[in-house]
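Hydrogens, waters and symmetry mates are skipped; everything else that's a heavy atom, side chains included, is used. Start at 1 and go down the list; that is how both ligands and their atoms are numbered.
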Amino acid sequence: VWNSCLQVIKDNIPAQSFKTWFEPVKAVRLEGNVLTIQVPSLFFYEWLEEHYVGILRKTVKKFLGEQGRLEYNIVIEKSSTNVPYTTNLPSTGNGAEAKKQSIPVPVALNKNIKNPFVIPGLKKLQVDPQLNQNYTFDNFIEGECNRLARSAGYAVANKPGGTSFNPLMIYGDVGLGKTHLAQAIGNEIKKNLSDKLVIYVSCEKFCQQFVDSLKNNTINDFVNFYQAMDVIIMDDVHNFAGKEKTQDIFFHIFNHLHQSGKQIILTSDKAPKDLSGLEERLLSRFKWGLSADIQIPDLETRMAILKKKMYSDGIELPDSVVEYVATQIDNSVRELEGAMVSLLAQSTLNKKEIDLNLAKSMLKNFVKNTNKEISMEYIQKLVCEYFEVPVEMVKSKVRKREIVQARQISMYLAKNHTKSSLKSIGNFFGGRDHSTVIYACQTVEDLIETDKKFKTYVQDIQKKLKAS
Ligand code: ADP
Ligand code: MG
């Protein structure tokens with residue numbers, strides 16, 4: 001019967017899907033009108049029920065009549081002991097009640113050593129956590145910009161899965177320390193609780209592994225591997241955007257881990273509510289625990305970061321130089337470090353001591369936009385493009401809400417990003433006087449404080465402005 005079913009299913013779904021989801025399934029029993037099939041994991045069962053229940057139901061009824069039913073025999077590998085046993089679950093699509101029985105039946109373990117997702121050994125599992133040892137709490141400088149994220153991370157590191165910060169989502173712009181902090185959590189856990197299974201994986205790598213395991217027919221091992229972890233650190237989850245199938249898989253893994261009290265740590269370039277291209281159900285999970293952002297560090301913190309870095313590299317520089325570099329580079333810690341490295345490299349090449357003057361002359365190339373002034377015209381163009389309003393409206397007398405908003409943001413940006421006076425800003429934006437400009441700036445500042453969405457708008461535009 002099952003073979004006949006498979007024939008029908010094969011003709012109705014893509015070959016790759018058939019290979020992945022139906023070839024590993026075996027028929028074990030036919031009792032009356034109940035067909036029992038064996039699937040390699042709970043995940044497989046969930047997946048079949050989620051994606052293929054319609055076609056399964058139809059074909060089973062086709063061959064077993066209207067009363068035909070399907071039950072699953074699931075091979076469950078307990079991650080702690082790796083002792084497999086099977087359990088029975090009926091197909092929900094047939095409306096049957098779940099039988100909560102588990103029958104211990106030994107099943108051969110996958111012996112394929114070429115497959116990277118098979119966890120070897122029957123006793124204690126060992127997995128390389130893929131962590132960079134250099135990212136620790138010790139060398140992660142605390143500042144106002146990262147206080148919440150850091151302390152939540154520290155709490156999680158000392159009690160993985162045991163806090164309400166699950167998942168812990170760390171978000172912020174590039175180069176501000178998300179990867180460092182996320183890996184520091186992993187390293188701290190390995191230091192104190194060395195038998196915990198920790199895995200760090202970038203979202204991109206995870207997506208690639210998923211594609212590979214589909215190709216190699218190792219999807220079950222892939223999922224089992226991640227579901228066996230105590231702690232999963234996934235970096236840059238915004239890269240899930242548009243990858244629906246991988247999100248689907250991660251959704252299952254996430255649920256499994258979360259239900260078993262395992263710790264999930266995520267990083268992203270945006271807050272969960274601002275992430276686009278992710279499925280709603282996955283996003284809603286991301287919002288379950290704590291989302292903590294990392295902001296641009298203030299001058300004092302930037303200097304502390306530089307000093308710590310120099311100290312660990314055994315380099316000494318005058319404070320004035322450190323302060324100068326930290327003042328000039330104010331958008332990313334990565335760039336800050338980059339500037340320092342290039343400064344050191346150049347001084348070695350030219351065999352010159354680094355003093356303030358040398359720093360000044362060398363960093364000139366590094367600091368962007370010092371000569372190129374941003375024009376008000378350009379700001380106007382960016383803002384109008386962003387809000388999709390006609391450019392000429394900004395200078396007009398129109399009082400429509402979105403036009404007023406675009407006008408006020410334009411003025412605010414002009415005040416902060418050009419050297420133009422309030423008077424000339426007012427003039428440019430439709431011949432208004434300087435008090436209108438002051439009022440606009442005040443309004444925008446107030447809204448940034450109180451309206452998160454509005455703040456995101458302004459930050460987005462500012463990013464574009466800086467990128468140009
Ligand atoms: P992101 O993942 O947010 O893009 P990274 O974690 O890769 O940023 O950080 C970029 C660089 O800045 C790394 O070398 C990191 O060690 C350093 N860094 C960022 N924040 C801090 C901090 N608070 N203290 C020390 N180093 C930091
Ligand atoms: Mg990163």
Side-chain angles (χ1 to χ4, degrees), residues 129-157 167-189 198-208 232-241 264-272 274-275 286 290-315 317 322-323 325-345 366 459 463 466-467:
Q130 309 284 325
L131 291 164
N132 179 340
Q133 309 282 324
N134 296 323
Y135 291 141
T136 61
F137 274 104
D138 220 33
N139 58 22
F140 188 77
I141 302 287
E142 184 175 354
E144 210 42 66
C145 55
N146 59 32
R147 187 152 290 141
L148 174 65
R150 191 197 164 280
S151 58
Y154 197 70
V156 162
L168 173 63
M169 158 81 94
I170 302 163
Y171 67 94
D173 282 341
V174 284
L176 296 183
K178 301 183 295 295
T179 299
H180 186 143
L181 182 55
Q183 294 217 21
I185 299 171
N187 280 318
E188 185 74 14
I189 293 173
V198 177
I199 190 79
Y200 167 86
V201 65
S202 71
C203 181
E204 253 180 319
K205 188 168 168 196
F206 182 86
C207 293
Q208 189 55 50
I232 179 169
I233 304 168
M234 185 173 290
D235 211 351
D236 296 328
V237 294
H238 50 268
N239 289 330
F240 268 135
I264 300 148
I265 297 147
L266 311 164
T267 79
S268 157
D269 68 353
K270 288 194 197 68
D274 300 322
L275 277 173
F286 288 1
L290 177 78
S291 305
D293 68 336
I294 300 189
Q295 300 266 345
I296 294 166
D298 54 25
L299 179 63
E300 198 186 325
T301 312
R302 294 204 295 277
M303 286 174 66
I305 291 173
L306 278 183
K307 282 186 181 161
K308 182 94 186 178
K309 180 100 178 90
M310 283 161 27
Y311 181 80
S312 66
D313 291 351
I315 300 159
L317 283 183
V322 175
E323 182 169 351
V325 176
T327 312
Q328 292 301 307
I329 315 273
D330 62 357
N331 55 343
S332 138
V333 179
R334 184 174 293 138
E335 286 195 21
L336 193 62
E337 290 182 349
M340 184 62 86
V341 168
S342 85
L343 192 57
L344 291 168
F366 218 91
Q459 283 177 338
K463 249 182 256 170
K466 280 186 188 157

Which residue supplies the protein heavy atom nearest to [atom], what is that atom called, and how far is it?
atom: atom 4 (O) of ligand 1; answer: Gly175 N, 2.7 Å
atom: atom 21 (C) of ligand 1; answer: Phe140 CE1, 3.8 Å
atom: atom 8 (O) of ligand 1; answer: Gly177 N, 3.0 Å
atom: atom 18 (N) of ligand 1; answer: Val333 CG1, 3.2 Å

Quick test of your reading of the model: are [X] and [Y] salt-bridged, counting only N-O distances below 4.0 Å?
X: Asp313; Y: Lys309; result: yes
X: Asp269; Y: Lys178; result: no
X: Arg147; Y: Glu144; result: yes

Using a 4.0 Å heavy-atom threshold (strictly under), name the region of [X] that reaches ligand 1: side chain, backbone, both or neither.
X: Asn139; result: backbone
X: Thr179; result: both
X: Asn146; result: side chain

- Task: Check Phe140 against Gly177 and note the closest heavy-atom contact, atom names and distance.
- Result: CE1-O, 3.7 Å

- Item | Least distance between heavy atoms, Thr179 atom then Asp235 atom | OG1-OD2, 2.7 Å

- Task: Determine, considering heavy atoms only, which of Arg334, Glu337, His180 sits nearest to atom 14 (O) of ligand 1.
- Result: Glu337

- Message: Quick check for you: to the nearest 0.5 Å, what is the distance between Phe206 atom CZ and Ile199 atom CD1?
- Response: 11.0 Å

